[in-house]
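Note that ligands are numbered from 1 as they come in the structure, with each ligand's atoms numbered from 1 the same way. Every value quoted in this text rests on a predicted model; they were computed, and no experiment measured them.
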Amino acid sequence: MGVVNVTPDSFSDGGRYVEPEAAVAHGRRLLADGADLLDIGGESTRPGATRPLVSEELDRVVPVIRELARDAVVSVDTMRAEVAEAALEAGATIVNDVSGGLADPRILEVAAHAGAVYVAMHWRAHSTRMADFATYDGPGGVVGTVVEELAERLEAVLAAGVDPARVVLDPGLGFAKRGEHNWELLRDLDPVTALGQPVLVGASRKSFLGRLLAEGDEPRPVEQREHAHTAVVAHLARQGVWGVRVHDVRAARDAIAVVSALEEPRQGAGHQPPQEDTP
Ligand code: PMM
């Protein structure tokens, strides 16, 4: 899943694709790099971010979705029912709701009514306040608690009428989670997979990678976290996740090709013809 942030303030690529033409061109580049689908969002969820008006969010995403959905599978990254509805009308077929239906419960009915795929991410509060909710003191620790809270969201999603075959779950790395929480979730994804739904994970460029690679107190800058992220993608591919939400599609594709080659030697390394003459 290639990320197209049509926002002035995302931590990873804020402002670069805020003009519709730039966002569409970026989406096309991600498709050329091998993205299976594009995730188009108009609200930054970086820690501390304030929310755009509904009208602003609509103006950002709808024209970009309309254009890219002509030749790509498109998901809309939104927590708002109204935006999801307009995005689905414009050609999106997936609703990626980082709040898992908590921010605007009507979004579940919108997804159900449209027969859309619905991604429910683990979430506790909007970006201005989420750092206050990063505690997981229960007996199951962060993994047990996230699984429990995701299971509740799954129940709500199904109760709203979304087809069970169309629900994807996401542990929500970085959302009301500190670095150690993200690492624990990455280490132990099986309980999330055991909920029986496809799993999506977004680790790309996130600050826990910046801190891992810090020099002294200086986190590694956002644009220099890609090698570490590629290693995370290889790990996730080994876990059999359904999807990875990434900014650099080429790097992720390469990591997945390596894992496929290791797991299925005869079909592995993608669809290359055999090259007998190379060592
Ligand atoms: N992360 C961001 C935005 N949307 N959606 C899902 N399903 N999972 C995520 O981890 C996720 C998301 C924040 O990252 P960005 O600012 O780079 O888009």
- Query: Distance-only, no hydrogens or angles: does the R245 side chain make a donor-acceptor pair with backbone N or O of S204 under 3.5 Å?
  - Reply: no
- Task: Can you sort out which atoms of ligand 1 are near H247, meaning under 4.0 Å from one of its heavy atoms?
- Result: 17 (O)
- Under 4.0 Å from any heavy atom of L200, which atoms of ligand 1 are there? 7 (N)
- Query: So is there a nitrogen or oxygen of D39 less than 3.5 Å from a nitrogen or oxygen in ligand 1?
  - Reply: no
- Message: Starting from atom 16 (O) of ligand 1, what is the nearest protein heavy atom, named by residue and atom, and what distance separates them?
- Response: F11 CE2, 3.2 Å
- Item | Contact check, side chains of L209 and V232, non-hydrogen atoms, under 4.5 Å | yes
- Can you find an N/O atom of R245 closer than 3.5 Å to an N/O atom of ligand 1? yes
- Would you please classify the geometry between the H122 ring and the Y136 ring as parallel, tilted or perpendicular, with 30° and 60° separating the classes? tilted
- Task: Do me a favour and list the nearest non-hydrogen protein atom to atom 10 (O) of ligand 1 with residue, atom name and distance?
- Result: K206 NZ, 2.7 Å
- Message: Looking at ligand 1, would M121 count as a contact under a 4.0 Å heavy-atom criterion?
- Response: yes
- Task: For atom 5 (N) of ligand 1, find the nearest protein heavy atom and state the residue, atom name and distance (0.1 Å precision).
- Result: N96 ND2, 3.1 Å
- Are any of the side-chain nitrogens in E223 or R205 under 4.0 Å away from the carboxylate oxygens of its partner? no
- Could you tell me whether the side chains of S75 and D39 share a donor-acceptor contact shorter than 3.5 Å? yes
- In ligand 1, the atoms that come under 4.0 Å of a heavy atom of G202 are 10 (O)
- Any N/O of T45 closer than 3.5 Å to an N/O of ligand 1? no
- Nearest non-hydrogen protein atom to atom 6 (C) of ligand 1, with distance, is D170 OD2, 3.2 Å
- Query: Among all residues two or more places apart in sequence or in another chain, which pass the side chain to side chain donor-acceptor pair (under 3.5 Å) test with R80?
  - Reply: E57
- Would you mind checking which non-hydrogen protein atom is closest to atom 4 (N) of ligand 1, with the distance to 0.1 Å? D77 OD2, 2.8 Å
- Query: Should R205 be listed as contacting ligand 1, given a heavy-atom distance under 4.0 Å as the test?
  - Reply: no
- Presence of salt bridge, R253 and D36, under 4.0 angstrom: yes
- Item | Per-atom contacts of ligand 1 with V98, taking only distances under 4.0 Å to non-hydrogen atoms | 4 (N), 5 (N), 12 (C)
- Residue set satisfying salt bridge (Lys or Arg N to Asp or Glu O under 4.0 Å) with E67, at least two apart, ordered chain then number -> R28, R70
- Item | N5: numbered ligand 1 atoms lying under 4.0 Å from its heavy atoms | 15 (P), 16 (O), 17 (O), 18 (O)
- Looking only at side chains, do E184 and H181 share a donor and an acceptor under 3.5 Å apart? no
- With no hydrogens and no angle check, do the side chains of D97 and Y118 hold a donor and an acceptor under 3.5 Å apart? yes
